[in-house]
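Here's the structure, in structure tokens; my notes come after.
Just so you know, these numbers use all the heavy atoms, side chains as well, and skip hydrogens, waters and symmetry mates. Ligands are counted one by one from 1 in listed order, and the atoms in each one are counted from 1 as well.
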Amino acid sequence: MSTRRPIVAANWKMNKTQPETAEFLSAFLPLLGPACASDVVIVPPFTSVPKASEFLRNHPVVGLGAQNMHPKPNGAFTGEIGAPFLVDLGVTHVVLGHSERRQYFAESDAFINEKVRAALAAGLTPILCIGETLEERDAGRLEAVCRTQLQGGLALVAADAAPKVVIAYEPVWAIGTGRTASPAQAQEAHAFVRSVLADLFGHAIAGQIRIQYGGSMKPDNAVELMAQPDVDGGLIGGASLQPESFFAIIKAAAESVA
Ligand code: 13P
């Protein structure tokens, strides 16, 4: 058990139009009630953020996330969205460096780092995603890959700003595959991530940083995963698309600190 407050986020990826967003939140928010032992974040696609904001702006429990942002605040960057546009809509969190963006849009650690620092400067909570592919794991490179992504993504982040960052450890081979890391595999990787955070920021600050697990987390495996000492919540894809299954995962996170 840790003293870190869990954080469970719904990464909807490219799913849910505005009406679908309203339908989800109308069903989900009553399940949650007024208090929760876990932070909760809904991360819709950009075009559904305004609709989600109607439900979530200044919500006492549930944050509103974006799936990406550009490091520059504005300017000639066709198709991009900078932090002020997100803040304007009541966005509180931003997912950065997701493996799908690294893979399909060739995002580098240096570019992701610019975004992390811009998010912090704008008062947003960055959720920095890291994780190895199956090929990298099989080649014994899990630690090297995660260390590089953490060092690169968190470069020039001041120690006093670091506790605001959330890390999402998402082994790429577990994303959308139905193949989850075992609780022991997750704990081993999370403990390693925390050791790298300690190298970067010192033990006390590393002990405050929340590390989410992501990759086929579902209601039936969430309890065991969340029970691991260094697992401080989840970044949920497929199972976050239904209010009941997402809520069941939040309950598992809340119980892990009860
Ligand atoms: P799944 O839960 O669908 O495996 O997705 C995980 C993920 O990528 C969350 O960011």
Nearest-contact summary for atom 5 (O) of ligand 1 - protein heavy atom, Å: Lys13 NZ, 3.2 Å
Glu23 atom CD, over 12 foreign heavy atoms within 6.0 Å: no
Value rounded to 0.5 Å, distance of OH in Tyr169 from CG in Leu235: 13.5 Å
Nearest-neighbour protein heavy atom for atom 9 (C) of ligand 1, which is reported as residue plus atom name and distance: Glu170 OE2, 2.9 Å
More than 12 heavy atoms of other groups within 6.0 Å of Gln18 CD: yes
More than 12 heavy atoms of other groups within 6.0 Å of Lys251 NZ: no
Shortest protein heavy-atom distance from atom 3 (O) of ligand 1, along with the residue and atom involved: Gly238 N, 2.8 Å
Ligand 1 contacted by Lys218 (non-hydrogen, < 4.0 Å): no
Atom 2 (O) of ligand 1 [closest protein heavy-atom partner, distance rounded to 0.1 Å]: Gly237 N, 2.9 Å
Distance-only side-chain donor-acceptor flag, Glu135 / Trp173, under 3.5 Å: no
Contact check, side chains of Phe246 and Leu241, non-hydrogen atoms, under 4.5 Å: no
Atoms in ligand 1 flagged as close to Asn11, the criterion being non-hydrogen separation under 4.0 Å: 9 (C), 10 (O)
Contact check: His98 vs ligand 1, nitrogen or oxygen atoms, below 3.5 angstrom: yes
Heavy atom of Ala174, distance to ligand 1 below 4.0 Å: yes
Whether Gly176 lies under 4.0 Å from ligand 1, heavy atom: yes
Non-hydrogen atom of Gly215 closer than 4.0 Å to ligand 1: yes
Polar contact flag, side-chain donor to acceptor under 3.5 angstrom, Asp109-Gln149: no
